[in-house]
Amino acid sequence: MARVVVTRALPGPALGRLVDAGHDVHVRAEPLPPSAAELRALVAEADALLCTLEDRVDDTLLAAAPRLRAIAVYAVGTDNVDLAAAARHGVSVGNTPDVLTDATADLAMALLLAAARHLPQAEANVREGAWRTWNPTGFLGFELRGARLCILGAGRIGRAVGERAAAFGMEVRFVGRGDDLHTALADANVLSLHAPLTGTTRRIVDAAALAAMPAGGILVNTARGGLVDQVAVAGALHSGHLSAAALDVTDPEPLPADDPLLAAPNLIVLPHIGSATHRAREAMADRAVANLLAALGGNAMPWPVSA
Ligand code: DGY
């Protein structure tokens, strides 16, 4: 019997499979993630950890978990885990790819459409009682057909956004490893981010990248807040160089209430809900549990991640 620590309650029946397999499962029922100190205490006796993207797994944590053999990250992104340190400590790490692709791609399109058609401003106009009459010049946005979309990251989610955008008639260009982002941005109306956060991609969307886009563009980010220089984004929104930024992710999360980005015009910001559908979140739990069951049974994880 292995001791499995789960840092947050998860939707669906998947965790029951760990119990059925005879493991001692401790599900932390708190609404907020554990502090670093609490997480260290939680893993001290643990054989396996099921954590979220909020839980930082670094050398210090791994050193405090002498029995730990397996970590299942309840996400596709694993930038919260020091994978090299996990390998040094002999801990296998897995993630939950594929099952959140459609949910995240759908949200990227929702953000793109909301920004292109000024939905937040138009809705606020109605709620505030400011809407008087149908207005020939009110809330004019742009149509997706013929607009140029630059997708940073040609992985599963990037490609799924590309399919959706192509169905809307957009001209889609992918920027993958080795491609020049600034060149690709030269005629892009929209930049949508779907790259993992790594040492190479951190703050890749900086003032120079935004300046490489034509004026009036839109930035959509459903990947990781760290991909973006938020000071530069705020500046580009204030100057009007960006007509909108639609962000499901920020750095940090949540943004402090007094963060200057929140004061920028034409900003849509969501609480990191890209994978927040019943189907995706339950399937993510299935994959995380399958990773742990495999590792605890002495087998390779079905969805392993390595440095
Ligand atoms: C991920 O999986 O990396 C998302 O950001 C959360 O679902």
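Whatever order the structure lists ligands and atoms in, that order sets their numbers, starting from 1.
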Worksheet, complete the sentence: Note: heavy atom closest to atom 1 (C) of ligand 1, options Asn95, Leu197, Val76, belongs to Val76
Worksheet item: Which atoms of ligand 1 sit under 4.0 Å from any heavy atom of His272?
Response: 4 (C), 5 (O), 6 (C)
Fill in: Those atoms of ligand 1 less than 4.0 Å from some heavy atom in Ala75
1 (C), 2 (O), 3 (O)
Worksheet item: Could an N or O of ligand 1 be found under 3.5 Å from any N or O of Tyr74, whether backbone or side chain?
Response: no
Worksheet entry | Heavy-atom closest pair, residues Met170 and Leu144 | CG-O, 3.2 Å
Practice prompt. Below 4.0 angstrom from a heavy atom of Met284, which ligand 1 atoms are there? Numbered from 1 as shown, please.
Written response: 7 (O)
Item to complete: Count the heavy atoms belonging to other residues, nucleotides or ligands that lie under 6.0 Å from CD of Glu253, then report whether that count exceeds 12.
Response: yes
Fill in: Neighbour count above 12 (heavy atom, 6.0 Å) for Arg279 CZ
no
Practice prompt. Give the atoms of ligand 1, by number and element, whose distance to some non-hydrogen atom of Gly77 is under 4.0 Å.
Written response: 1 (C), 2 (O), 3 (O)
Worksheet, complete the sentence: If we number the atoms of ligand 1 from 1 as shown, the ones under 4.0 Å from a heavy atom of Leu100 are 2 (O), 7 (O)
Practice prompt. Heavy atoms only: give me the nearest Pro120-Ala114 pair and the separation to one decimal.
Written response: CD-O, 3.7 Å
Item to complete: Have a look at ligand 1 and work out which part of Leu53, if any, has a heavy atom under 4.0 Å from it: side chain, backbone, both or neither.
Response: side chain
Fill in: Lys/Arg N to Asp/Glu carboxylate O, Arg203 vs Asp251, below 4.0 Å
yes
Worksheet item: How would you list all residue pairs meeting side-chain hydrogen bond (donor to acceptor under 3.5 Å, both in side chains) that involve residues 223-248, not counting sequence neighbours?
Response: Asp79-Arg224
Fill in: Pairwise side-chain contact, Arg69 with Val91, heavy-atom cut-off 4.5 Å (strictly under)
no
Worksheet item: Within the structure, does Ala223 bring an N/O atom to less than 3.5 angstrom of an N/O atom in ligand 1?
Response: no
Discussion item. Looking only at protein heavy atoms, which one is nearest to atom 7 (O) of ligand 1, and what is the separation?
Written reply: Ser275 OG, 2.6 Å
Practice prompt. Considering only NZ, NE, NH1 and NH2 on the basic side and carboxylate oxygens on the acidic side, decide whether Asp55 and Arg8 come within less than 4.0 Å.
Written response: no
Worksheet item: Tell me: protein heavy atom nearest atom 3 (O) of ligand 1, and distance?
Response: Arg224 NH2, 2.7 Å
Worksheet item: Is there a nitrogen or oxygen of Arg281 sitting under 3.5 Å from a nitrogen or oxygen of ligand 1?
Response: no
